[in-house]
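Just so it is clear, the structure is predicted and the values come from calculations on it, not from any experiment. Counting starts at 1 for both ligands and their atoms, following the listed order.
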Amino acid sequence: MTARIVDPAVFGRVAVAMGGWSAEREISLRGGTAVLAALRRRGVDAHGVDLERGNVAMLAQFDRVFVALHGRGGEDGVIQGWLEAQHIPYTGSGVLGSAVAMDKLRTKRLWVGDGLPTPVFVPLRGEADFAGAVKEVGLPMIVKPVGEGSSIGMSKVARAEDLPAAWSEAARYDREVFAERWIAGAEYTASILDGVVLPLIRLETPRVFYDYEAKYTEGLTEHVCPADIPDEIKELCLDYALRAHRILGCKGTSRTDFRWDDEQGADGLYVLETNTQPGMTPLSLVPEQARQLGISYEELVEIIVREAL
Ligand SMILES: Nc1ncnc2c1ncn2[C@@H]1O[C@H](COP(=O)(O)OP(=O)(O)O)[C@@H](O)[C@H]1O
Ligand SMILES: [Mg+2]
């Protein structure tokens, strides 16, 4: 897949919407800045908009919007709904796909309904659910807020007595929290770009899990691409990533995260979550996966902005 050469003038004035008001604001600014520079190098009349709650209406001055936002407000269908109401074309998933994928709990319910393997989970509304969760999910488990990203508010719980603290931490970020079975083994990620599945990456981090530090500190996480695993598992990941994207109603680019417990064979592969606004910083995974197919960062950004034509 290569970028078709288009006259950059067809895009008109393009806003790169970045920043926003979620916990992932800083990451979005980094990615958005890189996207903006790449669009300009391609000759597109692109302008950065550092989005805040009070200046969303600024986007109405543009012909289309490259959404480089993450988390609440930017990745959950809110800004997408506003853009729909204004008839402004934008990149990435629409209102429904964004909203569902942002909600890890409802995402998992949809996947279970469609037979995709995702780790056993239990909603944690409060203390009354703790004992039942330990029984059903087992230990170790991971406690997550339903709607954040970048591993924010998550912790691994090895002992039942640590569950209350993990719950409180997650509850700082979302009214809804859930516990999920901890899957041993390595982590993989597969992405969809323009209907095509990109090569699988294996992530290797010296930390307990792929947490915020691991994600954004240069050199802390090793990316192995293409991932060195049996073809059967690789094929399953790519197939699951496409199914996960479709079940959730995603469009454009998405990135689905997996864990594979190699001692369990194909039964040890689990889908964790789908990101509808995958990171676009120079360190991010989608740019690296695209590079494997010979797609430069500039071409990648051009392929994505074409979604908004
Ligand atoms: N069930 C699990 N078992 C083991 N590790 C997990 C599990 N769920 C998440 N993790 C770890 O936590 C990280 C973040 O979880 P994820 O669900 O991908 O949320 P997000 O990336 O949106 O913060 C993963 O990349 C992985 O390292
Ligand atoms: Mg993830």
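Around the Mg ion (ligand 2), the protein atoms of type N, O or S found under 2.8 Å away are D257 OD2, E273 OE2, listed by chain and number.
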Result block: side-chain N/O donor-acceptor pairs under 3.5 angstrom for residues 238-245, not counting sequence neighbours:
{"residue": "R243", "atom": "NH2", "partner": "D114", "partner atom": "O", "Å": "3.1"}
{"residue": "H245", "atom": "ND1", "partner": "S254", "partner atom": "OG", "Å": "2.7"}
{"residue": "H245", "atom": "NE2", "partner": "C250", "partner atom": "O", "Å": "3.3"}

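The side-chain contact (heavy atoms from CB on, under 4.5 Å) check on A101 picks up L248, T276, with sequence neighbours excluded.
Of the protein's non-hydrogen atoms, the one nearest atom 3 (N) of ligand 1 is I183 N, 2.8 Å. What sits closest to atom 10 (N) of ligand 1 on the protein, heavy atoms only, is I142 CD1, 3.6 Å. Of the protein's non-hydrogen atoms, S151 N, 2.4 Å is the one closest to atom 23 (O) of ligand 1. Considering only non-hydrogen protein atoms, atom 11 (C) of ligand 1 sits nearest to F209 CD1, 3.6 Å.
For atom 20 (P) of ligand 1, the candidate residues are E24, E273, E75; the nearest heavy-atom contact is made by E273.
Dense packing is recorded around CZ of R109, with more than 12 heavy atoms of other residues, nucleotides or ligands lying under 6.0 Å away. The environment of E127 atom CD is sparse: at most 12 non-hydrogen atoms of other residues, nucleotides or ligands sit within 6.0 angstrom.
Closest non-hydrogen pair, V67 versus G74, comes out as CG1-O, 3.8 Å.
Rounded to the nearest 0.5 angstrom, H223 NE2 and Q292 CD are separated by 12.0 Å. To the nearest 0.5 Å, atoms CG (L220) and OG1 (T205) are separated by 5.0 Å. Taken to the nearest 0.5 Å, the CE atom of M102 stands 9.0 Å off from the CG atom of N275.
Heavy-atom distances between K104 and ligand 1 reach below 4.0 Å in at least one pair. Close to ligand 1: K144, with a non-hydrogen atom less than 4.0 angstrom away.
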Exercise. Would you check, one step at a time, whether the test side chain to side chain donor-acceptor pair (under 3.5 Å) holds for Y90 with E307?
Key: CA-CA 7 Å; Y90 56 93; E307 290 161 15; over 6 Å; no

Quiz item: Please walk me through it: do F11 and D63 pass side chain to side chain contact (heavy atoms under 4.5 Å, CB included)?
Solution: CA-CA 7 Å; F11 295 109; D63 297 308; over 6 Å; no

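The distance from ligand 1 to the heavy atoms of D257 drops below 4.0 Å at these ligand atoms: 18 (O). Each of the atoms 3 (N), 4 (C), 5 (N) of ligand 1 lies under 4.0 Å from some heavy atom of W182. Listed by atom number, the atoms of ligand 1 under 4.0 Å from E187 heavy atoms are 24 (C), 25 (O), 26 (C), 27 (O). For ligand 1, the atoms lying closer than 4.0 Å to a non-hydrogen atom of R181 are 1 (N), 2 (C), 3 (N). Per-residue contacts place E180 under 4.0 angstrom from the following atoms of ligand 1 (heavy atoms of the residue considered): 1 (N), 2 (C), 7 (C), 8 (N).
Between Y210 and ligand 1, at least one pair of N/O atoms sits closer than 3.5 Å.
The salt bridge (Lys or Arg N to Asp or Glu O under 4.0 Å) contacts involving residues 224-234 comprise R202-D228, where partners must be two or more places apart or lie in separate chains.
With hydrogens and angles disregarded, a donor-acceptor distance shorter than 3.5 Å links the side chain of D76 to the backbone of G73.
Contacts between K215 and ligand 1 below 4.0 angstrom, taking non-hydrogen atoms only, involve the side chain exclusively.
Under the 6.0 Å distance and 45° angle rule, R13 counts as a cation-pi partner of F62.
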